[in-house]
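Worksheet: the structure to be examined is printed underneath.
Within every chain, numbering begins at 1; the chains are lettered A, B, ... in the order of the sequence lines, protein sequences first and strands thereafter.
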Amino acid sequence: VVRASLSVLLIALIALMAGPAHSADMVTIMLSESGGAYGEVAVALRAELPAGVLVRETLDAPAQDASGKPQLLIAIGAKSCGTAARSASGPLLCALIPKATFERITGDPASHNRTITAVFLDQPPSRQMALIRLLLPKAETVAMLVGPESAPSESVLTTAAKRHGLGVAVARAPAADDLYPALQRLLDGSSDALLAVPDVRVFNSGTVQNILRVSIRARVPLFAFSPAYVRAGALAAVYSTPQQAGRQAGLLARELLGGRPLPAPLYPAEFTVTVNPQVARSLGIDVADGETLTGKLRAQEKLP
Amino acid sequence: VKIPGVRPRVLIAAVLPVTLVAALLSVVVVLSRIGEMEADHRERALATARQIAATAEFGLFTGNDAVLQTLANAGARQAGVKAVTLLRRDGTVVVSAGHPAPVPPRLPARATEALEEIRDDIRRVVQAVTATEVPLETWVEDGAVQPRNSESVLGYAVIELSLMSIKAAERRLLLAGLLVTVAGMLLGWALAVRMERTQKDLERRIAEATAELRSKKEEAELATLAKSRFLAFASHDLRQPMHALGLFVARLDRLSHDAETRKLIGNLDASVRALQDLLDAILDISRLDARVETHHTEPVAVAALWEHMEREFAAAAEQKGIVLRVRPSPLWIMSDPRLLYRMLLNLVSNAVRYTVHGGVLVTCRRRNGQALIEVRDTGPGIPRELQNEVFKEFVQLDNPGRERGRGLGLGLTIVEATARLLDHPLTLISLPGQGSCFRIEAPLAAAPNSGGGNAVIPGQSDLQGLKVLVVDDDGLARTAVAGLLESWGCLVFSAAGGDEALPIVANIGAPDIIACDFHLGRGDTAVELVARLRHAVGAPIPAFVMSGDTSPEVAQATEKAGLLLLHKPVRPARLRALMHRLVNPV
């Protein structure tokens, strides 16, 4: 506490010496948990904030500032985002949060008196389809296994697929026991790729191994949303690392501090592609390394 | 338990410990082995269940019953596996192989732990089949509702293992344990038999050795006996001519001779005397050593002993110019008069011989209820280191030249052996230059009422005209005695045996004294002859026996008959004293 107050004093002193031209901006970063991915996000985020901004890190909901001036609150992780959305007014930026979770939070009436935006964890559907197309140029149909959580994404994904010239086969698996029959229907021979959509009822640590086994046996590669899936046997994954998420949140916060109005929630701008060359080899698919693929995707999206 | 040929104690000593140890070991081994087998069986059941559960995961996930059936069949074919059943999450049977028990299995409460139950010789293990967990980034699906744990359970593998094989193995083990115990018992029995045999062998060998020793001992005893007999015969045969020689010399001395002849006769007499002394001493020693010397104790008047002692040594002491003092004593002691006197003779003779100045003191006093006889002298004394030596045969101090006049060196040996025989403790106190003191302890005795002394040795008196009948089958001895007696003025009648003696008595009437050899040939003895002669005459004629046989039998026989016994060679002085006493009773 002493060190924290000392650093606050020091920063205040530096701000005073810089001149009284503009009053000190203040950012509060709220973490779901200290350390881990959340800590990495926070570190990357702070690196992007302009000098002279007072930053406060907390694990709990911050108290209302005495000055009454609306402060920017950045919540990292789903838990802190939910807490922050319910607890106070003022601008809120959520980072490292899945789209479905964010939509559940904002759907809650308790969070309606707050202006909220977010940088999603999920990649935009078009980017995923672009990756499939990049790796499987001859693919015609993308199979998707959706559960109760991911069902709303179905239409967006279908649209994106169509844009990349891919048909969509969807199977619903509302319960664990429906998983295999649904998977079997999907992979009966007409599908060329299986796209994993984040939904813990379908894809979790217990099901991944068996889904992968079925897909590999059917010679249908799995496209996933995190590097762990690639390690477990998925062909490729496109995702944002905590550093990338943090950097994007930091840049956005900087703009918000600069007076930009709160934008609508964003898909991540920076991303990474990882491939499993072993799986590619056994499925007879010719793949470039992850870095090359990332570059190609960025070029397609005309990103710098 | 009765086993032929083995004593119960040996049996217990040998069989019991071995059997106990064997039984204990068997129990310990069997129990631990059964425990191990149980643990092994259980471990195998659990391992099989885990293995089947792991293999069944994908089959259960995909609902591939054919694959699961193959898996169950393969599992059921394993040794000891009775049945393999795979269940869905809700407990319904998917497939089963083997012969599953009809009772449906209970499901484990937690997926991580197998449920184990034993029923009707069957060990049943129920193991949950769970999906393989793949670690994922938790933040990727942050905020999502996590599925319930139970959803990761795909189903259950039920393995039933028969306990029959383990039971059979247990029975075999118990049998083996029993066999080991029995083998231990048999071993113990064999040991007992062996021990018994060894012991008997040992006993037999000891008995053999003992028998051998006994026969050796008997041989040795026989040899000793033979030696004793030889000695007895030798002494008898030596004594006869010595006896005659002594008597002849004595008689020769009584004839008239010129001075030169008389001197020769004197030397001859001295030589004969020395020879007789030596023979007496050697025979005494051998008798004592061979333990054939018998003794009988009786009250002995010290005064009588003293009287003889003074008479014996007075002249010698006077001649040497020393004082011999015998202090009178009224005491009576319990001893053998003959042997005691011989001890005193030896001691006093030594004392007189070795004392040059001063004198010899002989005392007897009462001390601590015992009689204490002391022979003190003012001689050269005996150094302490030699005080044990002087009792050995032929040891003489200060006489390296072994001069005849200084004795034989047998005196103290005889004294010591006699003291031991009579149980009279003998002590020697001596300091060089201050004389010696020999001390004999003997029990006191009460004075007999008759008051008369015994063992009286008479002085010389006139035997002129005495009628003496000499009976001896040895002609030389007979002639010698007869000659000596005639020289003393006796009227001598000689006879070779009873056949000659009886007619003589019939002719001349009763003689004054009968002098008779003990052994008279043809088994006749002096005792019988004297009795016959006395009977023929009808009066108790005084008689004495002369014999070269020093055996106790002869002494006993003569004593029993009330006859006095003179051992050959008979000294003329002693013979004369005896005859004097017989014709002049006190």
Side-chain angles (χ1 to χ4, degrees), chain A residues 32-33 36-38 40-41 76-82 94 96-98 100-102 104-105 121-122 147-150 175-177 179-181 183-184 198-214 217 224-229 231-233 237 239-242 245, chain B residues 50-71 86-95 107-113 127-157:
Chain A
S32 287
E33 287 168 35
Y38 308 102
E40 287 176 38
V41 171
I76 301 171
K79 186 181 142 207
S80 56
C81 181
C94 289
L96 207 70
I97 186 161
T101 308
F102 181 75
R104 200 170 56 241
I105 290 168
L121 203 53
D122 315 45
E149 193 101 347
S150 52
D177 288 340
L179 212 54
Y180 181 69
L183 207 53
Q184 212 172 19
D199 186 335
V200 279
R201 302 304 296 270
V202 180
F203 293 97
N204 57 50
S205 59
T207 58
V208 167
Q209 190 68 51
N210 287 318
I211 292 172
L212 277 169
R213 269 196 236 175
V214 175
R217 186 174 291 180
F225 48 86
S226 90
Y229 280 78
R231 281 197 296 275
Y239 58 92
S240 297
T241 63
Chain B
R50 275 197 298 273
Q51 177 213 334
I52 288 179
T55 325
E57 179 197 344
F58 193 59
L60 276 173
F61 174 76
T62 57
N64 191 337
D65 293 358
V67 166
L68 293 176
Q69 186 66 58
T70 311
L71 173 66
L86 291 165
L87 308 176
R88 290 206 182 82
R89 190 186 302 140
D90 58 7
T92 53
V93 175
V94 184
V95 292
L107 301 181
R110 276 190 287 184
T112 48
E113 281 172 25
Q127 169 78 51
V129 180
T130 54
T132 310
E133 293 271 327
V134 175
L136 296 175
E137 295 94 340
T138 50
W139 49 267
V140 170
E141 290 169 295
D142 207 3
V145 180
Q146 293 294 321
R148 276 173 292 126
N149 241 358
S150 64
E151 283 180 20
S152 68
V153 174
L154 298 170
Y156 298 93

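The closest side-chain heavy-atom distance from Thr132(B) to Arg213(A) is below 4.5 Å. Between Leu136(B) and Phe203(A) the shortest side-chain heavy-atom distance does not fall below 4.5 Å.
Ile105(A) does not touch chain B: none of its heavy atoms, backbone or side chain, sits under 4.5 Å away.
Residue with the most contacts toward chain B among Gly36(A), Ala228(A), Ala37(A): Ala228(A) (heavy-atom pairs, distance under 4.5 Å).
Contacts of Ala53(B) classified as side-chain contact (heavy atoms from CB on, under 4.5 Å), with partners at least two apart in sequence or in another chain: Gln127(B), Val129(B), Ala157(B). By the side-chain contact (heavy atoms from CB on, under 4.5 Å) test, Ala237(A) pairs with Ala224(A), Val230(A), Tyr239(A), sequence neighbours left out.
Atom CG of Asn64(B) and atom OH of Tyr180(A) lie 6.5 Å apart (nearest 0.5 Å). Here Glu133(B) contributes atom CD and Thr207(A) contributes atom OG1; the two are 9.5 Å apart, rounded to the nearest 0.5 Å. Taking OG1 of Thr62(B) as the reference point, atom CZ of Arg217(A) lies at 6.5 Å (rounded to 0.5 Å).
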Exercise for review: Output, in order, the C-alpha distance, side-chain angles, deciding distance and verdict of side-chain contact (heavy atoms from CB on, under 4.5 Å) for Leu212(A) and Val134(B).
Suggested key: CA-CA 11 Å; Leu212(A) 277 169; Val134(B) 175; over 6 Å; no
